[in-house]
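Take a look at the structure below.
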Amino acid sequence: DIAGEDRCRDLGKPGLERYGRDQDLLVVGAAGEGGPVGDGVGDAQALLGGAGKDLRVAGDALVGNQVKDLHLRLGENEILKGVALDVTPGQVVALLGPSGSGKTTLLRAIAGLEIPHAGAIAIGDTVFYDAARGIELPAEKRGLGLVFQSYALWPHRSVFDNVAYGLKLRGTSAVEIKTRVDKTLAQIGLGALAERFPHQLSGGQQQRVAIARALVYEPPVILLDEP
């Protein structure tokens with residue numbers, strides 16, 4: 001479980017290379033700052049809360065980007081015990097903790113891939129989950145970007161098609177898909193590799209494809225599992 005001594009540690013603006021392997025990132029977009037997630041790393045904070053503790057929750061209302069008093073169990077194991085965080089637009093938040101502490105579970109709960117049994121999650125004006133009010137928005141309607149530890153690339157699809165997949169599901173036109181995918185691949189330095197398949201890429205290149213897939217439809221929040 002994400003528990004232990006309550007702490008909020010300012011990591012400053014070191015660049016992503018400073019983050020270690022046992023850390024997960026949650027990136028919140030800032031409108032008007034060069035794209036859906038801004039054009040810089042921004043201030044990063046590591047938030048760990050003890051069981052039942054609220055770190056930075058404004059009153060009882062869900063305002064902005066919040067996880068409030070979240071509880072989640074897998075089988076008989078209580079994984080998340082009252083986790084809470086409040087993130088401002090443009091921030092990069094690092095979740096720090098040892099393996100098995102619940103970092104991935106928290107990201108999956110925000111994304112809608114795991115269902116808590118108590119607490120609430122809201123991004124902007126949209127409540128994704130609220131146990132008290134019976135609200136549970138499906139993962140496909142949350143519109144978040146998620147990069148898995150394993151990257152989860154389709155092995156039989158090209159780099160272009162992997163990145164374009166989410167846009168196709170959203171009914172984006174072929175012209176718009178090509179424009180967005182080409183632009184995103186160019187931004188991450190893979191523009192010349194669009195026709196390659198995952199097995200033809202290095203591990204780092206595969207990770208960048210997964211990041212591009214999360215960025216291409218401009219989500220308000222990007223969740224990265226051990227980037």
Side-chain angles (χ1 to χ4, degrees), residues 1-4 16 19-29 36-37 44-55 57 62 65-87 91-124 126-131 134-154 162 165-166 169 206-207 209-217 219-227:
D1 57 323
I2 296 185
L16 293 179
Y19 295 98
R21 288 296 300 165
D22 280 338
Q23 302 171 6
D24 294 343
L25 297 181
L26 181 152
V27 184
V28 181
V37 295
Q45 291 180 322
L47 302 176
L48 289 180
K53 302 291 186 180
D54 278 359
L55 294 182
V57 176
L62 283 171
N65 308 303
Q66 285 194 13
V67 174
K68 184 174 182 180
D69 196 24
L70 203 66
H71 294 254
L72 188 150
R73 68 173 66 96
L74 297 176
E76 299 298 319
N77 298 318
E78 193 80 10
I79 307 299
L80 304 180
K81 302 178 180 180
V83 175
L85 59 88
D86 184 358
V87 185
Q91 275 191 309
V92 176
V93 174
L95 304 175
L96 308 181
S99 180
S101 63
K103 305 183 302 298
T104 294
T105 300
L106 176 57
L107 294 185
R108 289 176 61 86
I110 295 172
L113 301 179
E114 302 287 353
I115 305 303
H117 62 270
I121 302 168
I123 303 294
T126 304
V127 176
F128 287 173
Y129 174 81
D130 192 329
I135 297 174
E136 183 184 314
L137 198 65
E140 64 272 16
K141 294 186 177 181
R142 299 191 183 193
L144 305 182
L146 178 60
V147 179
F148 296 93
Q149 287 187 39
S150 63
Y151 313 146
L153 301 179
W154 296 100
N162 266 281
Y165 187 75
L169 290 180
Q206 290 178 18
Q207 184 181 48
V209 174
I211 293 172
R213 184 177 57 190
L215 289 172
V216 73
Y217 55 89
V221 173
I222 300 174
L223 309 169
L224 300 98
D225 197 351
E226 293 198 9

Using only atom types and a distance under 3.5 Å, with no angle test, would you say the side chain of Asp225 pairs donor to acceptor with the backbone of Val147?
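No, because the side chain of Asp225 does not come within donor-acceptor range (under 3.5 Å) of the backbone of Val147.
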
Holding to ring-ring contact (aromatic ring centres under 6.0 Å, His included), I want the full list of residues that pass it with Tyr217, two or more places apart in sequence or in another chain.
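Testing Tyr217 for ring-ring contact (aromatic ring centres under 6.0 Å, His included), a comparison that skips the adjacent residues, returns none.
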
Which heavy-atom pair separates [X] from [Y] by the least distance, and what is that distance?
X      : Y      : result
Thr104 : Gln149 : OG1-NE2, 3.2 Å
His117 : Ala131 : O-CB, 4.0 Å
Ile79  : Gly102 : CG2-CA, 3.9 Å
Gln206 : Tyr151 : CB-CD1, 3.8 Å
Gly143 : Pro220 : O-CD, 3.3 Å
Ile222 : Pro219 : CG1-CG, 3.8 Å

Could you state the interatomic distance from [atom1] ([X]) to [atom2] ([Y]), rounded to the nearest 0.5 Å?
X      : Y      : atom1 : atom2 : answer
Leu95  : Glu226 : CG    : CD    : 11.0 Å
Leu144 : Ile110 : CG    : CD1   : 8.0 Å
Leu113 : Leu107 : CG    : CG    : 10.0 Å
Asn162 : Leu153 : CG    : CG    : 5.0 Å
Leu85  : Ile121 : CG    : CD1   : 9.5 Å
Phe148 : Leu223 : CZ    : CG    : 9.5 Å

Mind checking salt bridge (Lys or Arg N to Asp or Glu O under 4.0 Å) for Arg108 and listing every partner two or more places apart, or none if nothing turns up?
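Partners of Arg108 by the salt bridge (Lys or Arg N to Asp or Glu O under 4.0 Å) criterion, ordered by chain and then number, come out as Glu114.
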
Checking Leu137 now: which residues fulfil side-chain contact (heavy atoms from CB on, under 4.5 Å) with it, not counting sequence neighbours?
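Partners of Leu137 under the side-chain contact (heavy atoms from CB on, under 4.5 Å) test: Thr126, Phe128, Lys141, Arg142.
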
